[in-house]
Visitor: 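Sending over a structure as structure tokens; questions will come in a sec.
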Amino acid sequence: MEQIIKLIENDLKKLELSIEQLVSTKVGFIKEIVNYIIRSGGKRIRPILVMLSSKLCGYNGEQHITYSAIIEFIHTSTLLHDDVVDNAKTRRGASTANIIWGNEASVLVGDFLYTKSFELMADGDNFEIIKTMAHTTKQLSEGEILELLKTSDISTSEEEYFEIIRNKTAVLFSVACEIGAILSNIDEEKRLALKEYGQNLGMAFQLTDDILDYNSYDEVLGKKVGTDLKEGKITLPLIIAMNATTEKEKAVIKRVVEKSSITLKDFEKVSAIIKKYDGIKYTSDKAMQYTNAAKDCLKIFEPSPFKDALLELPEYVHKRKT
């Protein structure tokens, strides 16, 4: 990842300045919350995808910086809303905005970031990007609603799980890459290849995230292990286990998932069942399939340092510990 950062170091510096300038509002309270969550240690993977895909396609302008910021604003907005819906207390090792400022402020600032993003896109006057982003934000909302409807539902299928993560996570990775293609005005085949690259990368990212929730440590992950289980999120490791368990084990999982507050012992019981039935391994194998699929999408592009960086990202995503 260090080599990737070095390759686009100047653009990343411009991004940080741009974020500060673009959150223009007379309400200082909004900037306070936005700065808190945006500066809280995120890896900027989605903006990095806008930058790398733009450079890969030969774009030489500066608009990709603004669109990188827009992607980060949209992502930040979803985090603000998600933490309210999930009643989350920590993110990346720090208190969530809803815990510090309350649910109402978090929701409204999330709304501000959404509307600010579309205002900035209107200023950019690229109808194709506006249309694509409108479709993407609709999918993001659908993904979050589907996940909410499936909260604590142990009958959630693998197919339903993949539909959720495709909408709530992968679409934003996908559009980040597609924006680079649109800005560069490249042919449809390469645009589609970048779009599919981003989607596969996003799927691998979410699958890895769902693994980490069961087998990473708090100080490494930056959030409490078992958060998904506590919030009633039915992820792939659990789905695989549920499909293979005995009735007694299924009853244990059901009881824990439906509890309003789970203990470390509860988590360890469910985690042991998941590992017994290779839920983690199955999920990891799926993540690797998406990792390889992402890299395959880039075969159409000529060799370049930006292609090398995009080839490296899926490996980083799959092997990450945070």
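Side chains included, hydrogens not; waters and symmetry mates left out as well; all remaining heavy atoms used.
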Visitor: Is the NZ atom of Lys281 crowded by more than 12 outside heavy atoms at less than 6.0 Å?
Guide: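 Incorrect, the count does not exceed 12.
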
Visitor: Quick one: closest heavy-atom pair of Ser18 and Thr66, and the distance?
Guide: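 Smallest heavy-atom distance, with atoms named: OG-CA, 4.5 Å.
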
Visitor: Would a distance-only check, ignoring hydrogens and angles, find a side-chain to backbone donor-acceptor pair under 3.5 Å from Asp266 to Thr263?
Guide: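 Yes.
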
Visitor: So do Tyr214 and Thr235 actually touch side chain to side chain, heavy atoms under 4.5 Å?
Guide: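 Yes, their side chains come closer than 4.5 Å.
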
Visitor: Indicate the atoms forming the closest heavy-atom contact of Ile130 with Met121, along with that distance.
Guide: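 Shortest heavy-atom contact: CD1-O, 3.6 Å.
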
Visitor: If the threshold is 4.0 Å, N to carboxylate O, is there a salt bridge linking Asp11 and Lys55?
Guide: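 Here Asp11 pairs with Lys55 in a salt bridge, since their nearest N and O are under 4.0 Å apart.
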
Visitor: Using atom types as modelled and distance alone, determine if a side-chain donor or acceptor of Ser184 lies under 3.5 Å from a backbone N or O of Gly180.
Guide: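 It does hold such a pair.
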
Visitor: What I'd like to find out is whether the side chain of Tyr316 reaches to under 4.5 Å of the side chain of Leu313, using heavy atoms alone.
Guide: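 They are in side-chain contact.
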
Visitor: Compare every heavy atom of Ile4 with every heavy atom of Ala309, then report the nearest pair and how far apart it is.
Guide: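 That would be O-CD1, 3.5 Å.
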
Visitor: Would the distance check show the side chain of His81 and the main-chain N or O of Val107 forming a donor-acceptor pair, the cut-off being under 3.5 Å?
Guide: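 Pair found, side chain donor or acceptor close to backbone of Val107.
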
Visitor: Just checking, is any N or O donor in the side chain of Ser141 or Glu144 under 3.5 Å from an acceptor N or O on the other one?
Guide: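 Short answer, no.
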
Visitor: Does Ile186 share a hydrophobic cluster with Phe127, counting links as ILVMFWY side-chain heavy atoms below 4.5 Å and allowing steps through other members?
Guide: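 No, Ile186 and Phe127 fall in different hydrophobic clusters.
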
Visitor: Linking I/L/V/M/F/W/Y whenever their side-chain heavy atoms sit closer than 4.5 Å, directly or via other members, would Leu49 and Ile300 fall into one cluster?
Guide: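 They do share one cluster, since a chain of ILVMFWY contacts under 4.5 Å joins Leu49 to Ile300.
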
Visitor: With salt bridge (Lys or Arg N to Asp or Glu O under 4.0 Å) as the test, would you mind laying out the steps for Glu119 and Lys116 before giving the verdict?
Guide: CA-CA 5 Å; Glu119 179 185 52; Lys116 183 65 181 178; 3.0 Å; yes

Visitor: Output yes when a side-chain donor or acceptor of Ser271 lies under 3.5 Å from a complementary backbone atom of Phe267, and no otherwise.
Guide: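 Pair absent, no side-chain N/O of Ser271 close to backbone of Phe267.
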
Visitor: Does Asp123 CG have over 12 foreign heavy atoms under 6.0 Å away?
Guide: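 Buried by this count: over 12 neighbours within 6.0 Å.
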
Visitor: Under a 4.5 Å cut-off applied to non-hydrogen side-chain atoms, are Met133 and Ile179 in contact?
Guide: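 Contact flag for Met133/Ile179 side chains = yes.
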
Visitor: Donor-acceptor pairs under 3.5 Å, side chain of residues 71-79 to any protein atom, not counting sequence neighbours: which ones?
Guide:
unit_1: Glu72; atom_1: OE2; unit_2: Arg44; atom_2: NH1; d: 3.0
unit_1: His75; atom_1: NE2; unit_2: Arg46; atom_2: NH1; d: 3.4
unit_1: Thr76; atom_1: OG1; unit_2: Glu72; atom_2: O; d: 2.7
unit_1: Ser77; atom_1: OG; unit_2: Gly110; atom_2: O; d: 2.7
unit_1: Thr78; atom_1: OG1; unit_2: His75; atom_2: O; d: 2.6

Visitor: Do Val84 and Leu108 belong together in a cluster built from hydrophobic side chains that touch within less than 4.5 Å?
Guide: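 In one cluster with Val84: Leu108, no.
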
Visitor: Please tell me if the side chains of Lys168 and Glu142 come closer than 4.5 Å, counting only heavy atoms from C-beta onward.
Guide: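 Not touching, per the 4.5 Å side-chain cut-off.
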
Visitor: If we ignore angles and hydrogens, is there a donor and acceptor under 3.5 Å between the side chains of Asp210 and Tyr161?
Guide: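 Yes, because at least one side-chain N or O of Asp210 sits under 3.5 Å from a partner of the opposite role on Tyr161.
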
Visitor: Determine whether Phe173 and Tyr197 satisfy the following criterion, side chain to side chain contact (heavy atoms under 4.5 Å, CB included), listing intermediate values before the conclusion.
Guide: CA-CA 9 Å; Phe173 280 73; Tyr197 166 86; over 6 Å; no

Visitor: Do Glu196 and Asn200 get their side chains close enough for a donor-acceptor pair, meaning under 3.5 Å?
Guide: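 There is no such pair between these side chains.
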
Visitor: Side-chain heavy atoms nearer than 4.5 Å, only ILVMFWY residues, links allowed to pass through others: does that put Val85 and Leu172 together?
Guide: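 Different clusters.
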
Visitor: Determine whether Ile164 and Ile234 fall in the same hydrophobic cluster, where Ile, Leu, Val, Met, Phe, Trp and Tyr are linked whenever their side-chain heavy atoms lie under 4.5 Å apart.
Guide: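 No, no single cluster joins them.
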
Visitor: Is there side-chain contact between Lys13 and Leu17, with at least one heavy-atom pair below 4.5 Å?
Guide: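 No, too far: nothing below the 4.5 Å cut-off.
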
Visitor: Identify the two heavy atoms, one from Gln206 and one from Thr169, that lie closest to each other, and give their separation to 0.1 Å.
Guide: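 Residues Gln206 and Thr169, closest heavy atoms: OE1-OG1, 2.6 Å.
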
Visitor: May I ask you to decide if Pro47's main-chain N or O and His64's side chain share a donor-acceptor pair within less than 3.5 Å?
Guide: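 Judged by distance alone, no pair lies under 3.5 Å.
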
Visitor: Ignoring hydrogens and geometry beyond distance, is a side-chain donor-acceptor pair present between Tyr290 and Gln199 at under 3.5 Å?
Guide: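 No, because no side-chain N or O of Tyr290 sits under 3.5 Å from a partner of the opposite role on Gln199.
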
Visitor: Is the shortest side-chain N to carboxylate O distance from Asp213 to Lys233 below 4.0 Å?
Guide: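 Here Asp213 does not pair with Lys233 in a salt bridge, since their nearest N and O are not under 4.0 Å apart.
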
Visitor: Using a strict 4.0 Å threshold on nitrogen-to-oxygen distance, state whether Lys275 and Asp278 make a salt bridge.
Guide: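 Asp278 and Lys275: not salt-bridged.
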
Visitor: Closer than 3.5 angstrom, by distance alone: can the side chain of Thr283 be matched with the main-chain N or O of Ile211 as a donor-acceptor pair?
Guide: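 It does not hold such a pair.
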
Visitor: Quick one: does Leu140's side chain get under 4.5 Å of Asn167's, heavy atoms only?
Guide: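 Not touching, per the 4.5 Å side-chain cut-off.
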
Visitor: How long is the span from the CG atom in Leu183 to the OH atom in Tyr67, to the nearest 0.5 Å?
Guide: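 Output value for this atom pair is 6.0 Å.
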
Visitor: Check Arg191 with Glu128, please: is the shortest side-chain N to carboxylate O separation under 4.0 Å?
Guide: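 Yes, this pair counts.
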
Visitor: If I compare all heavy atoms of Ala69 with all of Leu22, which pair ends up nearest, and what's the gap?
Guide: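 In this case the closest contact between Ala69 and Leu22 is CB-CD1, 3.7 Å.
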
Visitor: What pair of heavy atoms forms the shortest contact from Tyr36 to Ala97, and how long is it?
Guide: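 Closest heavy-atom pair between Tyr36 and Ala97: CE2-N, 4.4 Å.
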
Visitor: Please check if the side chain of Lys195 supplies one atom and the backbone of Cys177 the other of a donor-acceptor pair under 3.5 Å.
Guide: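 No.
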
Visitor: Assess whether side chain to side chain contact (heavy atoms under 4.5 Å, CB included) is satisfied between Arg166 and Gln139, documenting all intermediate values.
Guide: CA-CA 9 Å; Arg166 189 174 294 110; Gln139 285 181 280; over 6 Å; no

Visitor: Would Tyr282 and Tyr277 count as a side chain to side chain contact (heavy atoms under 4.5 Å, CB included) here? Give the steps.
Guide: CA-CA 9 Å; Tyr282 182 92; Tyr277 292 105; over 6 Å; no

Visitor: Using the side chain to side chain donor-acceptor pair (under 3.5 Å) rule, take Thr246 and Glu249 through it: C-alpha gap first, then chi angles, then the decisive distance, then the call.
Guide: CA-CA 5 Å; Thr246 64; Glu249 290 167 330; 3.2 Å; yes

Visitor: Between Ser174 and Ala170 (side chain of the first, backbone of the second, donor and acceptor by atom type, cut-off under 3.5 Å), is there such a pair?
Guide: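 No.
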
Visitor: Are Val27 and Ile30 close enough that some pair of their side-chain heavy atoms sits under 4.5 Å apart?
Guide: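 The answer is yes; the side chains approach within 4.5 Å.
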
Visitor: For the residue pair Lys295 and Leu298, establish whether any side-chain heavy-atom pair is separated by less than 4.5 Å.
Guide: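 Lys295 does not reach Leu298 side chain to side chain.
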
Visitor: If you measure from CD on Glu20 to CG on Leu15, what distance do you get to the nearest 0.5 Å?
Guide: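 Going from the CD atom of Glu20 to the CG atom of Leu15 covers 11.5 Å.
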
Visitor: Counting N and O atoms only, with roles assigned by atom type, does the side chain of Asp187 sit under 3.5 Å from a partner on the main chain of Glu189, one being a donor and the other an acceptor?
Guide: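 Flag set: sc Asp187 to bb Glu189 pair under 3.5 Å.
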
Visitor: Under a 3.5 Å distance rule, please check whether Thr151 uses its side chain to pair with a backbone N or O of Glu147 as donor and acceptor.
Guide: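 Side chain of Thr151 to backbone of Glu147, a donor-acceptor pair under 3.5 Å: yes, one is there.
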
